[in-house]
K.L.:
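Dumping the structure here so I can ask a few things about it.
Predicted model only: the values in this text are computed from it and were never measured.
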Amino acid sequence: MRWELTSAEAGALAATAGRLDGWALLMPPEAEPALAAALAQRGARVGRRWPLPGGAEPPAEAGTLDVLLLDARDVLPDGLDAAALRVKTLATERRARVRGGQVGVEASEDVRAALWQRGVAPYVDFVVRPAAGAAPPPGVASWARATAAASRSVAGALGATRRGNGEPVLLPWDA
């Protein structure tokens, strides 16, 4: 299970005391890099969501992040070539800098299929799909995106983990 935080939620969590061993977090693009470092220093596994195609580079926190999730949900048909090039570039740079770091893509099924036609599959470790969505492409791991309602209770969060095929579940933080 990986908790998706807003910048404010990441800041509030960083301001708390204690270890975060075993926690897996996903921060938004606008979150300060220092937050990722502070959370990772306390034992959390920290990832970052990054928009595609996006001209800006992800913050220079590569050694801190275990996951870079490339968000292609807003990619339009005329931006598919740029998005595919961006996936390949960012994944290649990430692998050159971070040993064992993962790169994922979240997109609608039609955008994901178009990106696959443009050769991004070898660059991607996983795809994020809706909990009730279609299966991922063959040979690619998947994460299931749970609904906000699932994160409102322990029973809901545990239920979200049982609905899938054992894949990681991405839950919105509902503190």
Side-chain angles (χ1 to χ4, degrees), residues 1-52 54 56-74 86-87 90-107 123-133 136 140-175:
M1 182 173 349
R2 187 171 288 260
W3 296 100
E4 188 168 22
L5 306 166
T6 65
S7 292
E9 292 164 340
L13 185 59
T16 64
R19 300 285 305 159
L20 298 172
D21 297 304
W23 288 49
L25 309 170
L26 186 68
M27 301 192 12
E30 66 276 6
E32 290 295 324
L35 285 176
L39 294 167
Q41 192 171 44
R42 291 178 42 211
R45 292 185 352 253
V46 182
R48 183 178 290 274
R49 184 171 37 85
W50 198 253
L52 285 179
E57 294 296 318
E61 61 192 357
T64 302
L65 302 178
D66 71 325
V67 166
L68 181 62
L69 175 57
L70 302 174
D71 189 347
R73 292 178 289 181
D74 294 332
R86 213 53 192 134
V87 169
L90 290 172
T92 300
E93 289 172 355
R94 176 142 180 80
R95 288 194 173 88
R97 292 184 186 140
V98 181
R99 186 179 184 151
Q102 292 187 305
V103 176
V105 170
E106 183 168 13
Y123 297 86
V124 175
D125 298 302
F126 66 93
V127 296
V128 175
R129 60 180 188 76
V140 179
S142 72
W143 290 11
R145 176 175 285 287
T147 64
S151 65
R152 291 193 184 114
S153 71
V154 172
L158 292 175
T161 65
R162 286 193 297 267
R163 286 194 246 326
N165 297 322
E167 72 257 328
V169 175
L170 188 57
L171 286 145
W173 181 266
D174 192 20

K.L.:
Is the side chain of R48 donor-acceptor paired with the backbone N or O of A31 at a distance under 3.5 Å, no angle test?
P.N.:
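A pair under 3.5 Å: yes.
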K.L.:
Between L13 and L20, is there a side-chain heavy-atom distance shorter than 4.5 Å?
P.N.:
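They are in contact (side-chain heavy atoms under 4.5 Å apart), so the answer is yes.
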K.L.:
Is any side-chain heavy atom of V128 closer than 4.5 Å to one of R49?
P.N.:
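Side chain of R49 against side chain of V128, heavy atoms only: no contact under 4.5 Å found.
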K.L.:
So do L68 and W50 actually touch side chain to side chain, heavy atoms under 4.5 Å?
P.N.:
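Counting from C-beta outward, W50 and L68 do come under 4.5 Å.
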K.L.:
Should R94 and D125 count as an ion pair when the cut-off is N to O under 4.0 Å?
P.N.:
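No, R94 and D125 are not salt-bridged.
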K.L.:
From the options L69, L26, L171, select the one residue that forms a side-chain contact (heavy atoms from CB on, under 4.5 Å) with E4.
P.N.:
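Per the side-chain contact (heavy atoms from CB on, under 4.5 Å) rule, the option paired with E4 is L26, out of L69, L26, L171.
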K.L.:
Could you check if a side-chain atom of Y123 sits within less than 4.5 angstrom of a side-chain atom of T92, using non-hydrogen atoms only?
P.N.:
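In short, these two side chains touch, coming nearer than 4.5 Å.
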K.L.:
On the 0 to 90° scale, with breaks at 30° and 60°, tag the F126-W143 ring pair as parallel, tilted or perpendicular.
P.N.:
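Ring orientation of F126 relative to W143: parallel.
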K.L.:
Which pair of heavy atoms, one from R129 and one from S142, lies closest together, and at what distance?
P.N.:
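For R129 versus S142, the nearest heavy atoms are NE-OG, 3.5 Å.
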K.L.:
Go through the steps for L5 and L35 under the test side-chain contact (heavy atoms from CB on, under 4.5 Å), then give the verdict.
P.N.:
CA-CA 11 Å; L5 306 166; L35 285 176; over 6 Å; no
K.L.:
Please check if the side chain of R2 supplies one atom and the backbone of L25 the other of a donor-acceptor pair under 3.5 Å.
P.N.:
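Checking the backbone N and O of L25 against the side chain of R2, a donor-acceptor pair under 3.5 Å is found.
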K.L.:
Looking at every heavy atom in both A36 and L65, which two are closest together, and how far apart are they?
P.N.:
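Heavy atoms of A36 and L65 come nearest at CB-CD2, 4.2 Å.
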K.L.:
If you look at every heavy atom in S7 and E30, which pair is closest and at what distance?
P.N.:
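Scanning both residues, the minimum pair turns out to be OG-CG, 3.3 Å.
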K.L.:
Can a donor-acceptor pair be found, under 3.5 Å and without considering hydrogens, that links the side chain of R45 to the backbone of V67?
P.N.:
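No; judged by distance alone, with no hydrogens or angles, the pair does not exist.
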K.L.:
Determine yes or no for a side-chain-to-main-chain donor-acceptor pair under 3.5 angstrom, with R73 supplying the side chain and E106 the backbone.
P.N.:
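Absent.
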K.L.:
Could you report the tightest heavy-atom contact between M27 and A10, atom names first, then the distance?
P.N.:
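It is SD-CB, 4.3 Å.
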